[in-house]
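Proteins get letters first, then strands, A, B, ... in listed order; numbering begins at 1 in each. Atoms considered below: every heavy atom in the structure, side chains included; atoms not considered: hydrogens, waters and symmetry mates.
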2 protein chains.
Amino acid sequence: LIETRDLWKTYVMGSEEIHALQGVSIQIMRGEYVAIMGPSGSGKSTLMNLIGCLDTPSRGSYLLNEKEVAAMNDDELARIRNQEIGFVFQTFNLLPRATALHNVELPLIYAGMPSKERQERARQALEKVELTSRASHRPNELSGGQRQRVAIARALVNDPSILLADEPTGNLDSKTGNEIMGVFERLHAAGNTIVLVTHEPEIAAYAHRSISIRDGLVEKDVRREAD
Amino acid sequence: LIETRDLWKTYVMGSEEIHALQGVSIQIMRGEYVAIMGPSGSGKSTLMNLIGCLDTPSRGSYLLNEKEVAAMNDDELARIRNQEIGFVFQTFNLLPRATALHNVELPLIYAGMPSKERQERARQALEKVELTSRASHRPNELSGGQRQRVAIARALVNDPSILLADEPTGNLDSKTGNEIMGVFERLHAAGNTIVLVTHEPEIAAYAHRSISIRDGLVEKDVRREAD
Ligand SMILES: Nc1ncnc2c1ncn2[C@@H]1O[C@H](COP(=O)(O)OP(=O)(O)OP(=O)(O)O)[C@@H](O)[C@H]1O
Ligand SMILES: Nc1ncnc2c1ncn2[C@@H]1O[C@H](COP(=O)(O)OP(=O)(O)OP(=O)(O)O)[C@@H](O)[C@H]1O
Ligand SMILES: [Mg+2]
Ligand SMILES: [Mg+2]
(Lines give C-alpha, C1' and ligand atoms only; values in the text may rest on other atoms or scores of the structure.)
(Ligands and ions follow the chains in the order given, each with its own letter.)
Protein backbone atom coordinates (compact mmCIF):
# COMPACT_ATOMS: atom_id res chain seq x y z
CA LEU A 1 0.00 0.00 0.00
CA ILE A 2 2.54 2.61 1.20
CA GLU A 3 6.14 2.06 0.14
CA THR A 4 8.97 4.55 0.37
CA ARG A 5 12.42 3.82 -1.10
CA ASP A 6 15.43 5.80 0.11
CA LEU A 7 13.28 8.89 0.67
CA TRP A 8 15.14 12.17 1.26
CA LYS A 9 13.81 15.64 2.13
CA THR A 10 16.34 18.46 2.12
CA TYR A 11 15.65 22.10 2.95
CA VAL A 12 18.14 24.58 1.52
CA MET A 13 18.50 27.76 3.59
CA GLY A 14 21.12 30.10 2.20
CA SER A 15 24.41 28.21 2.43
CA GLU A 16 23.00 25.60 4.82
CA GLU A 17 21.35 22.29 3.89
CA ILE A 18 19.01 20.62 6.37
CA HIS A 19 18.30 16.95 5.70
CA ALA A 20 14.95 16.38 7.45
CA LEU A 21 14.90 12.83 6.00
CA GLN A 22 18.10 11.04 4.98
CA GLY A 23 16.97 7.93 3.13
CA VAL A 24 13.82 6.42 4.69
CA SER A 25 12.62 3.05 3.31
CA ILE A 26 9.44 1.69 4.86
CA GLN A 27 6.55 -0.52 3.76
CA ILE A 28 3.05 -0.32 5.26
CA MET A 29 0.46 -2.86 4.12
CA ARG A 30 -3.27 -2.20 3.88
CA GLY A 31 -5.00 -2.55 7.26
CA GLU A 32 -1.88 -2.04 9.37
CA TYR A 33 -1.88 0.22 12.47
CA VAL A 34 1.52 1.89 12.76
CA ALA A 35 2.86 4.37 15.34
CA ILE A 36 5.76 6.70 14.41
CA MET A 37 7.82 8.00 17.33
CA GLY A 38 11.03 9.96 17.75
CA PRO A 39 12.57 13.10 19.24
CA SER A 40 11.36 16.60 18.43
CA GLY A 41 12.79 17.64 15.05
CA SER A 42 13.63 14.08 13.96
CA GLY A 43 11.55 14.17 10.75
CA LYS A 44 8.17 12.61 11.70
CA SER A 45 5.91 15.37 10.30
CA THR A 46 8.09 15.62 7.18
CA LEU A 47 7.60 11.88 6.58
CA MET A 48 3.83 12.15 7.22
CA ASN A 49 3.50 15.05 4.75
CA LEU A 50 5.25 12.98 2.07
CA ILE A 51 3.10 9.88 2.74
CA GLY A 52 0.00 12.09 2.64
CA CYS A 53 1.00 13.50 -0.79
CA LEU A 54 1.14 17.01 0.71
CA ASP A 55 4.80 17.48 -0.17
CA THR A 56 7.31 16.05 -2.64
CA PRO A 57 10.59 14.34 -1.73
CA SER A 58 14.02 15.73 -2.71
CA ARG A 59 15.22 12.24 -3.65
CA GLY A 60 13.98 8.65 -3.59
CA SER A 61 10.60 7.28 -4.49
CA TYR A 62 7.19 6.87 -2.93
CA LEU A 63 4.71 4.32 -4.22
CA LEU A 64 1.07 4.43 -3.14
CA ASN A 65 -1.01 1.40 -4.19
CA GLU A 66 2.10 0.38 -6.19
CA LYS A 67 1.94 3.58 -8.28
CA GLU A 68 4.80 6.10 -8.21
CA VAL A 69 3.36 9.30 -6.71
CA ALA A 70 5.87 11.51 -8.58
CA ALA A 71 4.34 10.28 -11.86
CA MET A 72 0.76 11.20 -10.89
CA ASN A 73 -0.89 14.32 -12.28
CA ASP A 74 -2.57 16.96 -10.11
CA ASP A 75 -6.09 15.53 -10.58
CA GLU A 76 -4.99 12.09 -9.47
CA LEU A 77 -3.17 13.53 -6.45
CA ALA A 78 -6.18 15.68 -5.50
CA ARG A 79 -8.46 12.64 -5.77
CA ILE A 80 -6.23 10.58 -3.50
CA ARG A 81 -5.86 13.37 -0.93
CA ASN A 82 -9.63 13.93 -0.88
CA GLN A 83 -11.06 10.42 -1.20
CA GLU A 84 -8.51 8.01 0.20
CA ILE A 85 -6.50 9.86 2.83
CA GLY A 86 -7.66 11.59 6.02
CA PHE A 87 -4.96 13.88 7.48
CA VAL A 88 -4.88 15.25 11.04
CA PHE A 89 -2.30 18.06 11.10
CA GLN A 90 -0.08 18.65 14.13
CA THR A 91 -1.13 22.31 13.94
CA PHE A 92 -4.81 21.53 13.11
CA ASN A 93 -4.89 23.87 10.03
CA LEU A 94 -8.54 24.89 10.47
CA LEU A 95 -10.08 27.76 8.50
CA PRO A 96 -10.17 30.58 11.07
CA ARG A 97 -13.34 32.24 9.77
CA ALA A 98 -15.43 29.07 9.37
CA THR A 99 -17.46 27.34 12.07
CA ALA A 100 -16.48 23.90 13.39
CA LEU A 101 -19.26 22.37 11.27
CA HIS A 102 -18.13 24.12 8.10
CA ASN A 103 -14.51 23.11 8.70
CA VAL A 104 -15.61 19.46 8.96
CA GLU A 105 -17.74 19.77 5.80
CA LEU A 106 -14.80 20.92 3.68
CA PRO A 107 -13.66 17.49 2.36
CA LEU A 108 -17.27 16.74 1.41
CA ILE A 109 -17.57 20.03 -0.49
CA TYR A 110 -14.49 19.06 -2.52
CA ALA A 111 -16.07 15.63 -3.11
CA GLY A 112 -19.18 17.32 -4.53
CA MET A 113 -21.64 15.94 -1.98
CA PRO A 114 -25.09 17.66 -1.88
CA SER A 115 -25.42 20.08 1.03
CA LYS A 116 -28.15 18.32 3.07
CA GLU A 117 -26.27 14.98 3.15
CA ARG A 118 -23.00 16.84 3.71
CA GLN A 119 -24.28 18.66 6.80
CA GLU A 120 -25.66 15.41 8.21
CA ARG A 121 -22.35 13.60 7.70
CA ALA A 122 -20.41 16.51 9.22
CA ARG A 123 -22.69 16.55 12.28
CA GLN A 124 -22.13 12.79 12.74
CA ALA A 125 -18.35 13.31 12.60
CA LEU A 126 -18.58 16.07 15.25
CA GLU A 127 -20.70 13.78 17.41
CA LYS A 128 -17.99 11.08 17.26
CA VAL A 129 -15.53 13.55 18.82
CA GLU A 130 -18.18 14.87 21.28
CA LEU A 131 -18.33 18.40 19.93
CA THR A 132 -22.00 18.60 18.94
CA SER A 133 -22.47 21.55 21.34
CA ARG A 134 -19.66 23.51 19.63
CA ALA A 135 -20.69 23.10 15.95
CA SER A 136 -21.34 26.83 15.48
CA HIS A 137 -18.08 27.99 17.13
CA ARG A 138 -15.19 29.31 15.09
CA PRO A 139 -11.68 28.04 15.97
CA ASN A 140 -10.86 31.04 18.20
CA GLU A 141 -14.03 30.28 20.19
CA LEU A 142 -12.81 26.79 21.02
CA SER A 143 -10.26 25.38 23.46
CA GLY A 144 -6.98 23.92 22.14
CA GLY A 145 -8.15 20.36 22.50
CA GLN A 146 -11.54 21.18 20.96
CA ARG A 147 -9.75 22.56 17.86
CA GLN A 148 -7.75 19.38 17.67
CA ARG A 149 -10.94 17.34 17.78
CA VAL A 150 -12.48 19.40 14.97
CA ALA A 151 -9.37 18.59 12.91
CA ILE A 152 -9.86 14.88 13.72
CA ALA A 153 -13.55 15.00 12.74
CA ARG A 154 -12.61 16.68 9.43
CA ALA A 155 -10.06 13.90 8.70
CA LEU A 156 -12.65 11.18 9.39
CA VAL A 157 -15.71 12.67 7.67
CA ASN A 158 -14.99 11.25 4.22
CA ASP A 159 -14.44 7.71 5.55
CA PRO A 160 -10.79 7.54 4.47
CA SER A 161 -9.11 4.18 3.79
CA ILE A 162 -5.84 5.66 5.15
CA LEU A 163 -5.81 7.87 8.28
CA LEU A 164 -2.60 9.86 8.85
CA ALA A 165 -2.70 11.51 12.30
CA ASP A 166 0.21 13.75 13.43
CA GLU A 167 0.17 14.01 17.25
CA PRO A 168 -3.68 13.77 17.46
CA THR A 169 -3.80 13.75 21.28
CA GLY A 170 -1.13 16.36 22.09
CA ASN A 171 -3.70 18.76 23.58
CA LEU A 172 -6.12 16.24 25.06
CA ASP A 173 -6.48 14.96 28.63
CA SER A 174 -6.15 11.20 28.91
CA LYS A 175 -9.91 10.47 29.04
CA THR A 176 -10.64 12.53 25.91
CA GLY A 177 -7.48 11.12 24.27
CA ASN A 178 -8.63 7.56 24.93
CA GLU A 179 -12.06 8.34 23.49
CA ILE A 180 -10.39 9.52 20.29
CA MET A 181 -8.26 6.36 20.21
CA GLY A 182 -11.54 4.41 20.49
CA VAL A 183 -12.79 6.17 17.34
CA PHE A 184 -9.54 5.24 15.57
CA GLU A 185 -9.83 1.62 16.75
CA ARG A 186 -13.29 1.35 15.12
CA LEU A 187 -11.91 2.81 11.87
CA HIS A 188 -9.06 0.28 11.99
CA ALA A 189 -11.37 -2.64 12.83
CA ALA A 190 -13.32 -1.80 9.62
CA GLY A 191 -10.16 -2.68 7.65
CA ASN A 192 -8.63 0.76 7.23
CA THR A 193 -4.95 1.71 7.57
CA ILE A 194 -3.79 4.03 10.35
CA VAL A 195 -0.43 5.80 10.67
CA LEU A 196 -0.11 7.83 13.86
CA VAL A 197 2.73 10.10 15.03
CA THR A 198 2.85 10.35 18.80
CA HIS A 199 5.28 11.02 21.62
CA GLU A 200 3.05 9.36 24.18
CA PRO A 201 3.87 5.64 24.73
CA GLU A 202 0.33 4.91 25.98
CA ILE A 203 -1.04 6.19 22.66
CA ALA A 204 1.56 4.26 20.62
CA ALA A 205 0.45 1.12 22.49
CA TYR A 206 -2.80 1.11 20.47
CA ALA A 207 -0.78 0.44 17.29
CA HIS A 208 0.47 -3.00 16.21
CA ARG A 209 3.79 -1.71 14.98
CA SER A 210 6.10 1.09 16.08
CA ILE A 211 8.66 2.83 13.85
CA SER A 212 11.25 5.03 15.59
CA ILE A 213 12.78 7.92 13.65
CA ARG A 214 15.95 9.76 14.69
CA ASP A 215 17.78 12.45 12.71
CA GLY A 216 15.84 11.67 9.54
CA LEU A 217 16.52 7.91 9.61
CA VAL A 218 14.58 4.82 10.71
CA GLU A 219 16.20 3.67 13.95
CA LYS A 220 13.83 0.84 14.88
CA ASP A 221 10.79 -0.94 13.43
CA VAL A 222 9.05 -3.28 15.88
CA ARG A 223 5.85 -5.29 15.46
CA ARG A 224 3.97 -6.19 18.62
CA GLU A 225 3.18 -9.87 19.03
CA ALA A 226 -0.46 -10.55 18.11
CA ASP A 227 -2.29 -10.55 21.46
CA LEU B 1 0.93 36.63 45.26
CA ILE B 2 -1.88 35.38 42.98
CA GLU B 3 -5.40 35.42 44.45
CA THR B 4 -8.66 34.98 42.59
CA ARG B 5 -12.04 35.42 44.31
CA ASP B 6 -15.15 33.90 42.71
CA LEU B 7 -13.74 34.46 39.21
CA TRP B 8 -16.18 34.04 36.31
CA LYS B 9 -15.59 34.17 32.53
CA THR B 10 -18.69 34.08 30.35
CA TYR B 11 -18.76 34.12 26.54
CA VAL B 12 -22.00 35.34 25.01
CA MET B 13 -22.71 33.85 21.57
CA GLY B 14 -26.05 34.96 20.18
CA SER B 15 -28.65 33.65 22.58
CA GLU B 16 -26.24 31.21 24.23
CA GLU B 17 -24.05 31.89 27.28
CA ILE B 18 -20.93 29.78 27.83
CA HIS B 19 -19.51 29.92 31.34
CA ALA B 20 -15.85 28.95 30.83
CA LEU B 21 -15.22 29.70 34.54
CA GLN B 22 -18.02 29.59 37.12
CA GLY B 23 -16.55 31.04 40.29
CA VAL B 24 -12.90 30.05 40.76
CA SER B 25 -11.21 31.04 44.03
CA ILE B 26 -7.54 30.06 44.36
CA GLN B 27 -4.47 31.39 46.15
CA ILE B 28 -0.91 30.83 44.92
CA MET B 29 1.95 32.06 47.10
CA ARG B 30 5.31 33.32 45.80
CA GLY B 31 7.67 30.44 45.03
CA GLU B 32 4.98 27.77 44.65
CA TYR B 33 5.03 25.24 41.77
CA VAL B 34 1.44 24.45 40.77
CA ALA B 35 0.05 22.12 38.08
CA ILE B 36 -3.44 22.75 36.66
CA MET B 37 -5.15 19.71 35.13
CA GLY B 38 -8.60 18.88 33.80
CA PRO B 39 -10.54 17.69 30.75
CA SER B 40 -10.39 19.39 27.36
CA GLY B 41 -12.67 22.45 27.45
CA SER B 42 -12.79 22.66 31.26
CA GLY B 43 -11.45 26.23 31.49
CA LYS B 44 -7.69 25.83 32.10
CA SER B 45 -6.48 28.22 29.36
CA THR B 46 -9.21 30.72 30.27
CA LEU B 47 -7.94 30.72 33.88
CA MET B 48 -4.31 31.07 32.73
CA ASN B 49 -5.17 34.01 30.47
CA LEU B 50 -6.84 35.79 33.41
CA ILE B 51 -3.92 35.09 35.79
CA GLY B 52 -1.53 36.33 33.09
CA CYS B 53 -3.48 39.63 32.74
CA LEU B 54 -4.17 38.79 29.08
CA ASP B 55 -7.93 38.85 29.56
CA THR B 56 -10.44 40.33 31.99
CA PRO B 57 -12.98 38.37 34.06
CA SER B 58 -16.75 38.75 33.63
CA ARG B 59 -17.24 38.71 37.42
CA GLY B 60 -15.17 38.29 40.58
CA SER B 61 -11.80 39.73 41.42
CA TYR B 62 -8.16 38.97 40.79
CA LEU B 63 -5.42 40.32 43.03
CA LEU B 64 -1.78 40.18 41.94
CA ASN B 65 0.74 41.14 44.67
CA GLU B 66 -2.37 42.09 46.71
CA LYS B 67 -3.38 44.71 44.14
CA GLU B 68 -6.70 44.43 42.27
CA VAL B 69 -5.82 43.94 38.59
CA ALA B 70 -9.09 45.50 37.41
CA ALA B 71 -7.97 48.78 39.05
CA MET B 72 -4.59 48.88 37.25
CA ASN B 73 -4.04 51.17 34.28
CA ASP B 74 -2.66 50.01 30.93
CA ASP B 75 0.95 51.02 31.70
CA GLU B 76 0.95 49.05 34.95
CA LEU B 77 -0.56 46.00 33.23
CA ALA B 78 1.96 46.22 30.38
CA ARG B 79 4.82 46.45 32.89
CA ILE B 80 3.61 43.37 34.76
CA ARG B 81 3.08 41.38 31.55
CA ASN B 82 6.53 42.32 30.28
CA GLN B 83 8.68 42.31 33.43
CA GLU B 84 7.10 39.94 35.91
CA ILE B 85 5.23 37.29 33.91
CA GLY B 86 6.53 34.84 31.30
CA PHE B 87 3.69 33.23 29.30
CA VAL B 88 3.97 30.07 27.20
CA PHE B 89 0.84 29.90 25.02
CA GLN B 90 -0.84 26.59 24.18
CA THR B 91 -0.74 27.68 20.54
CA PHE B 92 2.78 29.23 20.74
CA ASN B 93 1.70 32.61 19.21
CA LEU B 94 5.01 33.24 17.42
CA LEU B 95 5.40 36.02 14.85
CA PRO B 96 5.30 34.10 11.53
CA ARG B 97 7.66 36.40 9.64
CA ALA B 98 10.32 36.71 12.37
CA THR B 99 13.19 34.30 12.99
CA ALA B 100 13.34 32.20 16.15
CA LEU B 101 15.96 34.60 17.56
CA HIS B 102 13.87 37.67 16.83
CA ASN B 103 10.77 36.04 18.38
CA VAL B 104 12.74 35.38 21.58
CA GLU B 105 14.10 38.97 21.59
CA LEU B 106 10.62 40.49 21.56
CA PRO B 107 10.11 40.85 25.35
CA LEU B 108 13.55 42.49 25.59
CA ILE B 109 12.68 44.97 22.83
CA TYR B 110 9.60 45.99 24.82
CA ALA B 111 11.80 46.31 27.91
CA GLY B 112 14.09 48.72 26.02
CA MET B 113 17.27 46.61 26.27
CA PRO B 114 20.13 47.66 23.95
CA SER B 115 20.42 45.41 20.90
CA LYS B 116 23.85 43.79 21.57
CA GLU B 117 22.87 42.66 25.09
CA ARG B 118 19.43 41.68 23.82
CA GLN B 119 20.80 39.37 21.13
CA GLU B 120 23.17 37.77 23.63
CA ARG B 121 20.34 37.13 26.13
CA ALA B 122 18.08 35.75 23.37
CA ARG B 123 20.84 33.37 22.21
CA GLN B 124 21.30 32.12 25.78
CA ALA B 125 17.56 31.44 26.05
CA LEU B 126 17.62 29.49 22.77
CA GLU B 127 20.60 27.51 24.05
CA LYS B 128 18.65 26.53 27.18
CA VAL B 129 16.00 24.89 24.95
CA GLU B 130 18.69 23.41 22.62
CA LEU B 131 17.71 25.39 19.52
CA THR B 132 20.96 27.27 18.85
CA SER B 133 21.16 25.63 15.39
CA ARG B 134 17.69 26.94 14.45
CA ALA B 135 18.06 30.60 15.51
CA SER B 136 17.67 31.89 11.94
CA HIS B 137 14.62 29.75 11.08
CA ARG B 138 11.16 31.25 10.85
CA PRO B 139 8.30 29.32 12.54
CA ASN B 140 7.23 27.55 9.33
CA GLU B 141 10.80 26.27 8.97
CA LEU B 142 10.65 24.57 12.36
CA SER B 143 9.03 21.37 13.64
CA GLY B 144 6.01 21.57 15.95
CA GLY B 145 8.05 20.86 19.05
CA GLN B 146 10.78 23.29 17.97
CA ARG B 147 8.16 26.08 17.70
CA GLN B 148 6.96 25.20 21.18
CA ARG B 149 10.52 25.48 22.48
CA VAL B 150 10.95 28.92 20.86
CA ALA B 151 7.78 29.96 22.72
CA ILE B 152 9.31 28.64 25.95
CA ALA B 153 12.59 30.49 25.36
CA ARG B 154 10.66 33.72 24.71
CA ALA B 155 8.76 33.30 28.02
CA LEU B 156 12.03 32.75 29.95
CA VAL B 157 14.25 35.39 28.33
CA ASN B 158 13.24 38.24 30.63
CA ASP B 159 13.81 36.19 33.77
CA PRO B 160 10.20 36.33 34.93
CA SER B 161 9.26 35.95 38.60
CA ILE B 162 6.07 34.16 37.52
CA LEU B 163 6.11 31.57 34.69
CA LEU B 164 2.68 30.62 33.28
CA ALA B 165 3.03 27.68 30.89
CA ASP B 166 -0.06 26.30 29.07
CA GLU B 167 0.64 22.71 27.94
CA PRO B 168 4.41 23.40 27.35
CA THR B 169 5.26 19.78 26.48
CA GLY B 170 2.23 18.83 24.32
CA ASN B 171 4.39 18.48 21.19
CA LEU B 172 7.59 17.18 22.77
CA ASP B 173 8.93 13.64 23.08
CA SER B 174 9.58 12.59 26.68
CA LYS B 175 13.36 13.24 26.62
CA THR B 176 12.95 16.78 25.24
CA GLY B 177 9.97 17.33 27.57
CA ASN B 178 12.05 16.32 30.59
CA GLU B 179 14.86 18.65 29.51
CA ILE B 180 12.37 21.54 29.45
CA MET B 181 11.10 20.50 32.89
CA GLY B 182 14.73 20.67 34.05
CA VAL B 183 14.90 24.30 32.87
CA PHE B 184 11.68 25.05 34.78
CA GLU B 185 13.08 23.33 37.90
CA ARG B 186 16.11 25.64 37.86
CA LEU B 187 13.83 28.68 37.51
CA HIS B 188 11.74 27.44 40.42
CA ALA B 189 14.81 26.65 42.57
CA ALA B 190 15.84 30.30 42.14
CA GLY B 191 12.66 31.27 44.03
CA ASN B 192 10.31 31.95 41.16
CA THR B 193 6.65 30.91 40.90
CA ILE B 194 5.51 28.41 38.26
CA VAL B 195 1.94 27.62 37.16
CA LEU B 196 1.76 24.87 34.56
CA VAL B 197 -1.26 23.50 32.68
CA THR B 198 -0.73 19.92 31.58
CA HIS B 199 -2.66 16.77 30.77
CA GLU B 200 0.37 14.56 31.31
CA PRO B 201 0.60 13.16 34.89
CA GLU B 202 4.38 12.68 34.61
CA ILE B 203 4.73 16.41 33.89
CA ALA B 204 2.34 17.38 36.70
CA ALA B 205 4.50 15.30 39.05
CA TYR B 206 7.22 18.01 38.88
CA ALA B 207 4.85 20.41 40.65
CA HIS B 208 4.30 20.52 44.42
CA ARG B 209 0.58 21.13 44.14
CA SER B 210 -2.09 20.04 41.67
CA ILE B 211 -5.37 21.89 41.03
CA SER B 212 -8.03 20.00 39.03
CA ILE B 213 -10.55 22.02 37.01
CA ARG B 214 -13.80 20.59 35.64
CA ASP B 215 -16.58 22.54 33.90
CA GLY B 216 -15.16 25.90 35.00
CA LEU B 217 -14.89 24.98 38.70
CA VAL B 218 -12.08 23.82 41.02
CA GLU B 219 -12.72 20.14 41.69
CA LYS B 220 -9.60 19.29 43.69
CA ASP B 221 -6.54 21.08 45.14
CA VAL B 222 -3.88 18.73 46.46
CA ARG B 223 -0.42 19.54 47.84
CA ARG B 224 2.18 16.81 47.62
CA GLU B 225 3.93 15.94 50.88
CA ALA B 226 7.37 17.57 51.01
CA ASP B 227 9.81 14.88 49.85
N1 LIG C 1 -14.04 33.04 22.55
C2 LIG C 1 -14.84 32.05 22.99
N3 LIG C 1 -16.14 32.08 22.71
C4 LIG C 1 -16.97 31.09 23.13
N5 LIG C 1 -16.58 30.04 23.85
C6 LIG C 1 -15.29 29.96 24.17
C7 LIG C 1 -14.34 30.94 23.76
N8 LIG C 1 -13.11 30.57 24.22
C9 LIG C 1 -13.28 29.43 24.89
N10 LIG C 1 -14.59 29.05 24.86
C11 LIG C 1 -15.17 27.87 25.51
O12 LIG C 1 -14.83 27.94 26.90
C13 LIG C 1 -14.52 26.62 27.38
C14 LIG C 1 -13.15 26.65 28.07
O15 LIG C 1 -12.13 26.88 27.14
P16 LIG C 1 -10.59 26.74 27.56
O17 LIG C 1 -9.77 27.09 26.37
O18 LIG C 1 -10.30 27.50 28.80
O19 LIG C 1 -10.45 25.18 27.90
P20 LIG C 1 -9.17 24.30 28.26
O21 LIG C 1 -9.40 23.70 29.59
O22 LIG C 1 -7.93 25.09 28.08
O23 LIG C 1 -9.22 23.15 27.19
P24 LIG C 1 -8.03 22.35 26.41
O25 LIG C 1 -7.45 21.40 27.40
O26 LIG C 1 -8.80 21.68 25.30
O27 LIG C 1 -7.05 23.34 25.91
C28 LIG C 1 -14.52 25.68 26.17
O29 LIG C 1 -15.66 24.84 26.23
C30 LIG C 1 -14.60 26.58 24.96
O31 LIG C 1 -15.44 26.06 23.93
N1 LIG D 1 10.58 24.54 5.82
C2 LIG D 1 11.68 24.13 6.50
N3 LIG D 1 12.86 24.74 6.28
C4 LIG D 1 13.95 24.36 6.97
N5 LIG D 1 13.98 23.38 7.89
C6 LIG D 1 12.82 22.74 8.14
C7 LIG D 1 11.61 23.08 7.48
N8 LIG D 1 10.62 22.29 7.96
C9 LIG D 1 11.19 21.47 8.87
N10 LIG D 1 12.51 21.75 8.99
C11 LIG D 1 13.48 21.06 9.85
O12 LIG D 1 13.41 19.66 9.55
C13 LIG D 1 13.51 18.91 10.75
C14 LIG D 1 12.35 17.92 10.83
O15 LIG D 1 11.13 18.60 11.01
P16 LIG D 1 9.80 17.81 11.34
O17 LIG D 1 8.70 18.80 11.44
O18 LIG D 1 9.59 16.68 10.40
O19 LIG D 1 10.11 17.17 12.79
P20 LIG D 1 9.17 16.36 13.77
O21 LIG D 1 9.79 15.03 14.00
O22 LIG D 1 7.75 16.37 13.31
O23 LIG D 1 9.29 17.18 15.12
P24 LIG D 1 8.19 17.49 16.27
O25 LIG D 1 8.05 16.24 17.07
O26 LIG D 1 8.86 18.61 17.04
O27 LIG D 1 6.92 17.91 15.64
C28 LIG D 1 13.53 19.90 11.92
O29 LIG D 1 14.80 19.97 12.48
C30 LIG D 1 13.13 21.22 11.32
O31 LIG D 1 13.86 22.30 11.89
MG1 LIG E 1 6.02 17.25 13.98
MG1 LIG F 1 -6.35 25.03 26.76
**Study point:** Largest heavy-atom contact set with chain A, pairs under 4.5 Å, which of Ala20(B), Ser40(B), Gly38(B)
**Key:**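 Of Ala20(B), Ser40(B), Gly38(B), Ser40(B) has the most heavy-atom pairs under 4.5 Å with chain A.
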
Chain A contact via [X] - which portion, at a heavy-atom distance below 4.5 Å:
| X | answer |
| --- | --- |
| Ser42(B) | neither |
| Ser133(B) | backbone |
| Glu130(B) | neither |
| Ile18(B) | side chain |

Point to revise | Asn178(B) atom CG, neighbour heavy-atom count above 12 within 6.0 Å | key: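 Check passes, neighbour count above 12.
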
Point to revise | Heavy atoms from other residues, nucleotides or ligands near CG of Asp55(B) exceed 12 (cutoff 6.0 Å) | key: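 For Asp55(B), atom CG is crowded (more than 12 foreign heavy atoms under 6.0 Å).
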
Review point. Is there side-chain contact between Arg138(B) and Met13(A), with at least one heavy-atom pair below 4.5 Å?
Key: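 Not touching, per the 4.5 Å side-chain cut-off.
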
Point to revise | Student check: side-chain heavy atoms of Gln90(B) and Asn171(A) closer than 4.5 Å | key: yes

Point to revise | Options Arg149(A), Met37(A), Lys175(A), ranked by heavy-atom pairs under 4.5 Å with chain B, top entry | key: Arg149(A)

**Study point:** Heavy-atom pair count under 4.5 Å with chain B, highest-scoring of Gly145(A), Gly43(A), Pro39(A)
**Key:** Pro39(A)

If you round to the nearest 0.5 Å, how far is [atom2] of [Y] from [atom1] of [X]?
| X | Y | atom1 | atom2 | result |
| --- | --- | --- | --- | --- |
| Ser143(A) | Asp166(B) | OG | CG | 10.0 Å |
| Ser136(B) | Glu16(A) | OG | CD | 6.0 Å |
| Glu200(A) | Glu202(B) | CD | CD | 7.5 Å |
| Ile213(B) | Asp173(A) | CD1 | CG | 13.0 Å |

Review point. Is it the backbone or the side chain of Ser45(A) that comes under 4.5 Å from a heavy atom of chain B, or both, or neither?
Key: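 Neither the backbone nor the side chain of Ser45(A) comes within 4.5 Å of chain B.
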
